[in-house]
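Down below is the structure, laid out as structure tokens.
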Amino acid sequence: TNDAPVLVVGAGGLGHFAVQLLAAHGVAPVVVDPKPEARDLASRLGASRTASDLAELAAGDVRFDLVLDFVGAQPTMDTAISLLATGGDLVVVGGAGGVLSAGKTLGLPQGWSVSAPFWGPREDLEAVVDLARAGRLTAHTETFALTDVLAAYERLRAGRIDGRAVVVPGTGDPS
């Protein structure tokens, strides 16, 4: 439902798209990201609340019907699953090496489910393209020349890219 609590973990490259897609469907998610710039971007894109750490949410009694983890590291997965409501869904998009133990005797909420999608059906892609054409989905990017690709990767690994890093061949290359 549109008023079901949704949590987005990581508002970077893909997470900032998720915030926009949710907002386009009338859902204002809670967003967690350690970077102030990413939290500011998430707020501008439609987040109802932001936090710098999942522990801030875990300390309270809020539980989420849907958790979208765009990091996928062990700490985010461990905490995110503990924030699920009964019947909640954890969707792990990020590939930072986290591992999830599944079992009914682990103290997790009843009826929870987990998925790790790569993409969805063609109809979903068409809907995303339609939102972009209508101006309701915008990629926040930082552009790098091909000669600066190593610096771009260094900044990406250090978490110093807001949105997506885009490498454009032919720009800034020596002639």
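Numbers for residues simply follow the sequence, beginning at 1.
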Legend entry - Within-4.5 Å side-chain heavy-atom neighbours: V92 and L100: no
Legend entry - Taking every non-hydrogen atom, the tightest pair across A18 and L68: CB-CD1, 4.5 Å
Legend entry - Neighbour count above 12 (heavy atom, 6.0 Å) for E126 CD: yes
Using atom types as modelled, flag every donor-acceptor pair under 3.5 Å from a side chain in residues 26-35 to any protein atom, sequence neighbours excluded.
residue : atom : partner : partner atom : Å
D33     : OD1  : K35     : N            : 2.9
D33     : OD2  : A11     : N            : 2.8
K35     : NZ   : G159    : O            : 3.2
K35     : NZ   : I161    : O            : 2.6

Inset, instruction - Using the test salt bridge (charged side-chain N to carboxylate O under 4.0 Å, His left out), find all partners of E123 that sit at least two apart in sequence or belong to another chain. - result: none
Inset, instruction - Heavy atoms only: give me the nearest L21-V128 pair and the separation to one decimal. - result: CD2-CG2, 4.2 Å
Inset, instruction - Side-chain contact test, heavy atoms from C-beta onward, threshold under 4.5 Å: evaluate it for D78 versus P75 and give yes or no. - result: no
Inset, instruction - Side-chain contact test, heavy atoms from C-beta onward, threshold under 4.5 Å: evaluate it for I81 versus W112 and give yes or no. - result: yes
Legend entry - Identified side-chain contact (heavy atoms from CB on, under 4.5 Å) partner of L7 from the options D69, V62, L57, D65: L57
Inset, instruction - Verify, without hydrogens or angle tests, whether R39 (side chain) and T50 (backbone) share a donor-acceptor contact under 3.5 angstrom. - result: no
Inset, instruction - Could I get the full list of salt bridge (charged side-chain N to carboxylate O under 4.0 Å, His left out) partners for R164, not counting sequence neighbours? - result: none
Legend entry - Close side-chain approach of F144 to V149, heavy-atom, < 4.5 Å: no
Legend entry - CD-CG distance between Q20 and L41, expressed to the nearest 0.5 angstrom: 7.5 Å
